[in-house]
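Just so you know, ligand 1 is whichever comes first in the structure, and atom 1 is the first atom listed for that ligand. Numbers here simply count residues along the sequence, with the first being 1. Side-chain atoms are counted along with the backbone in the values below, which use heavy atoms only and exclude waters and symmetry mates.
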Amino acid sequence: QAKAAGRNTAASFQPQMEAQALHRLSLESRLRNAVSDNNLELYFQPKIHTKGMRLIGFEALVRWHCPEHGIISPGEFIPLAEESDLILEIGQWVLRQACQQLALWRELGHATIGMAVNLSVKQLYQEDFLAQVQALLDEFHITPGLLELEITESMVIGNIDSTISVLQALRAMGVKVAIDDFGTGYSSLNYLRQLPADTLKIDQSFVAALHDSPSDLEIIKTIISVAHTLNFMVVAEGVEDLHTLSILADANCDEVQGYLLSRPMPAELVENFLQPEHINRLYEALNS
Ligand code: C2E
Ligand code: MG
Ligand code: MG
Ligand code: MG
């Protein structure tokens with residue numbers, strides 16, 4: 001009886017797995033054309049100082065308008081792209097677009113706004129990666145300190161020496177480096193203290209339950225204190241409510257990002273967001 005049930009279950013799973021494999025294949029072949037067909041778009045999510053409520057800049061988050069499946073989130077297609085060299089093409093497109101946007105904002109009078117860009121491991125280890133970044137800074141006349149490149153801990157594992165040298169070179173160019181999703185990887189203190197970085201972004205999984213989890217609060221306080229000891233700025237991502245913002249302010253978290261301020265938005269909406277009236281209204285709401 002159990003055996004029969006087991007066989008039935010297995011049989012009923014198969015069409016689903018096949019469907020998934022087909023879905024993947026169709027996504028992959030469409031993704032190949034995403035850059036050339038102009039189907040990628042950057043969204044931008046603001047980041048502010050926790051205490052002074054000052055806008056620091058935006059994180060660029062890529063979206064794919066798939067002709068067949070609609071908007072697909074990077075959580076779904078970036079891992080797929082990372083399995084091939086497609087990620088290099090997408091990553092270069094993202095970096096260039098982000099730099100171009102910084103130049104546009106500067107021309108609109110927002111000359112101090114920064115931009116954080118997520119990197120994939122393959123990008124970081126491209127031979128000409130540093131040259132690519134330098135060429136973009138030059139082409140768009142970007143103050144290097146306005147560009148921050150985000151890497152994750154998992155990119156470092158097994159490559160600590162080469163990672164350190166690339167990050168050092170980026171910082172020598174004046175570009176900032178952030179460690180993203182901190183706390184979800186191996187998070188060895190030994191890695192952390194060796195990494196030449198400016199910023200540590202605490203993963204949103206620690207932030208989400210902050211208001212009713214005393215242990216998450218203790219973890220966050222510990223991360224913040226270790227980070228400050230190592231001279232990192234600390235950003236909390238995934239801040240969705242005022243209560244969490246005030247807890248983070250009390251815990252000395254330097255910067256926050258999350259739906260509380262805004263969801264990631266297309267460039268047209270950023271222009272509205274940047275209107276002084278809008279920013280003032282936001283800060284008033286956050287201070288209430
Ligand atoms: P990430 O870099 O950690 O980005 C933060 C993610 O959290 C974004 O998801 C953002 O929309 C989401 N988020 C922001 N605030 C909140 C909040 O308050 N609550 C919740 N629940 N979520 C929030 P998104 O845009 O779907 O991106 C997912 C991941 O995909 C990113 O995580 C990053 O790892 C990757 N990614 C995005 N764009 C790029 C890119 O251009 N290149 C590479 N290599 N990876 C990218
Ligand atoms: Mg990020
Ligand atoms: Mg993150
Ligand atoms: Mg992430």
Chemist: Using heavy-atom distances only, which candidate in L61, I72, N118 approaches atom 43 (C) of ligand 1 most closely?
Modeler: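 Going through L61, I72, N118 one by one, N118 has the nearest heavy atom to atom 43 (C) of ligand 1.
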Chemist: Check whether any side-chain N or O of Q126 sits under 3.5 Å from a backbone N or O of Q123 as a donor-acceptor pair, and report yes or no.
Modeler: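 Flag set: sc Q126 to bb Q123 pair under 3.5 Å.
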Chemist: For Q123, is the nearest heavy atom under 4.0 Å from an atom of ligand 1?
Modeler: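 Under 4.0 Å: no for Q123.
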Chemist: Looking only at N, O or S atoms, which one in E237 sits nearest to the Mg ion (ligand 3)?
Modeler: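 Of all N, O or S atoms in E237, the Mg ion (ligand 3) lies closest to OE2.
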Chemist: For the Mg ion (ligand 2), give me the closest N/O/S atom belonging to E59, just the atom name.
Modeler: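 That would be atom OE2.
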Chemist: Check ligand 1 against P74 and write out every atom of the ligand that is under 4.0 Å from a heavy-atom position of the residue.
Modeler: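 The atoms of ligand 1 under 4.0 Å from a heavy atom of P74 are 24 (P), 25 (O), 26 (O), 27 (O), 28 (C), 30 (O), 36 (N), 37 (C).
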Chemist: Given the rule in the side-chain contact (heavy atoms from CB on, under 4.5 Å) test, do H228 and N252 qualify, once you have shown the distances and angles that lead to the verdict?
Modeler: CA-CA 10 Å; H228 283 162; N252 272 325; 4.3 Å; yes
Chemist: One thing to verify: whether E59 and K47 come together as a salt bridge, which I'm taking to mean a side-chain N less than 4.0 angstrom from a carboxylate O.
Modeler: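 Looking at K47 and E59, the cut-off is not met.
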Chemist: Looking only at distance, does S73 have an N or O less than 3.5 Å from an N or O of ligand 1?
Modeler: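 Min N/O separation from ligand 1 is not below 3.5 Å for S73.
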Chemist: Which atoms from ligand 1 have a heavy atom of E240 less than 4.0 Å away?
Modeler: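 Counting from 1, the qualifying ligand atoms are 17 (C), 18 (O), 19 (N), 20 (C), 21 (N).
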Chemist: Among residues at least two apart in sequence or on other chains, which ones pass salt bridge (Lys or Arg N to Asp or Glu O under 4.0 Å) with R32?
Modeler: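 Listed in chain order: E28.
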Chemist: Which of the numbered atoms in ligand 1 are under 4.0 angstrom from any heavy atom belonging to Q45?
Modeler: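 Every atom of ligand 1 under 4.0 Å from some heavy atom of Q45: 14 (C), 15 (N).
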Chemist: So, do K201 and V234 sit near enough that their side-chain heavy atoms are less than 4.5 Å apart?
Modeler: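 Of all side-chain heavy-atom pairs linking V234 with K201, none is under 4.5 Å.
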Chemist: Answer with side chain, backbone, both or neither: which part of Q257 has a heavy atom less than 4.0 angstrom from an atom of ligand 1?
Modeler: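 Q257 to ligand 1: no contact under 4.0 Å from either part.
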Chemist: Tell me, which N, O or S atom in D180 is closest to the Mg ion (ligand 2)?
Modeler: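 This turns out to be OD2.
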Chemist: Can you check side-chain contact (heavy atoms from CB on, under 4.5 Å) on L108 and E271, steps first, answer last?
Modeler: CA-CA 9 Å; L108 290 172; E271 285 173 35; 3.9 Å; yes
Chemist: Does ligand 1 have any atom that is closer than 4.0 Å to a heavy atom of G238?
Modeler: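 The answer is yes, since G238 has a heavy atom less than 4.0 Å from ligand 1.
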Chemist: Do L149 and K176 make a side-chain contact, defined as non-hydrogen atoms from C-beta onward lying under 4.5 Å apart?
Modeler: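 A side-chain contact under 4.5 Å is absent here.
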Chemist: What atoms in ligand 1 come closer than 4.0 Å to a heavy atom of V62?
Modeler: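 Counting atoms of ligand 1 from 1, those under 4.0 Å from V62 are 38 (N), 39 (C), 40 (C), 41 (O).
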Chemist: Taking all non-hydrogen atoms of both residues into account, name the closest pair between Y125 and N159 and its distance.
Modeler: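 Minimum heavy-atom separation between Y125 and N159: OH-CB, 3.3 Å.
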Chemist: By number and element, which atoms of ligand 1 are closer than 4.0 Å to a non-hydrogen atom of D181?
Modeler: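 Once the distances to D181 are compared, the set is 3 (O).
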Chemist: Could you tell me which atoms of ligand 1, counted from 1 in the order shown, lie closer than 4.0 angstrom to a heavy atom of E237?
Modeler: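 Listed by number with element, the hits are 3 (O).
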Chemist: With distance as the sole test, does D198 use its side chain to make a donor-acceptor pair with the main-chain N or O of V177 at under 3.5 Å?
Modeler: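 Here the side-chain-to-backbone pair exists.
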Chemist: With the Mg ion (ligand 2) as the reference point, give the N/O/S atom of E150 that is nearest.
Modeler: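 It is OE1, the N, O or S atom of E150 closest to the Mg ion (ligand 2).
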Chemist: Return the CG to CZ distance between L104 and F140, rounded to the nearest 0.5 Å.
Modeler: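 So the gap between those two atoms works out to 8.5 Å.
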Chemist: With a 4.0 Å cut-off on heavy atoms, is R63 in contact with ligand 1?
Modeler: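 Under 4.0 Å: yes for R63.
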Chemist: Within a distance under 4.0 Å of any heavy atom of S120, pick out the atoms of ligand 1 and give their elements.
Modeler: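 With S120 as reference, the close atoms of ligand 1 come out as 44 (N).
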Chemist: Is there at least one pair of N or O atoms, one from E82 and one from ligand 1, spaced under 3.5 Å apart?
Modeler: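 In fact, backbone or side chain, E82 has no N or O that close.
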Chemist: Do T184 and D181 have side-chain N/O donor and acceptor atoms under 3.5 Å apart?
Modeler: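 Side chains of T184 and D181: no pair found under 3.5 Å.
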Chemist: Answer with side chain, backbone, both or neither: which part of V239 has a heavy atom less than 4.0 angstrom from an atom of ligand 1?
Modeler: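 Backbone only.
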Chemist: For the Mg ion (ligand 3), find the closest N/O/S atom belonging to D181 and write down its atom name.
Modeler: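 Going through the N, O and S atoms of D181 one by one, OD1 ends up nearest to the Mg ion (ligand 3).
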Chemist: Hydrogens and angles aside, do N190 and R193 bring a side-chain donor and acceptor to less than 3.5 Å of each other?
Modeler: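 A donor-acceptor contact under 3.5 Å links the two side chains.
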Chemist: For L119, counting its heavy atoms only, list the atoms of ligand 1 lying under 4.0 Å from any of them.
Modeler: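 Ligand 1 atoms under the 4.0 Å threshold to L119: 44 (N).
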Chemist: Looking only at side chains, do Q45 and S262 share a donor and an acceptor under 3.5 Å apart?
Modeler: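 The criterion, which ignores hydrogens and geometry beyond distance, is not satisfied for S262 and Q45.
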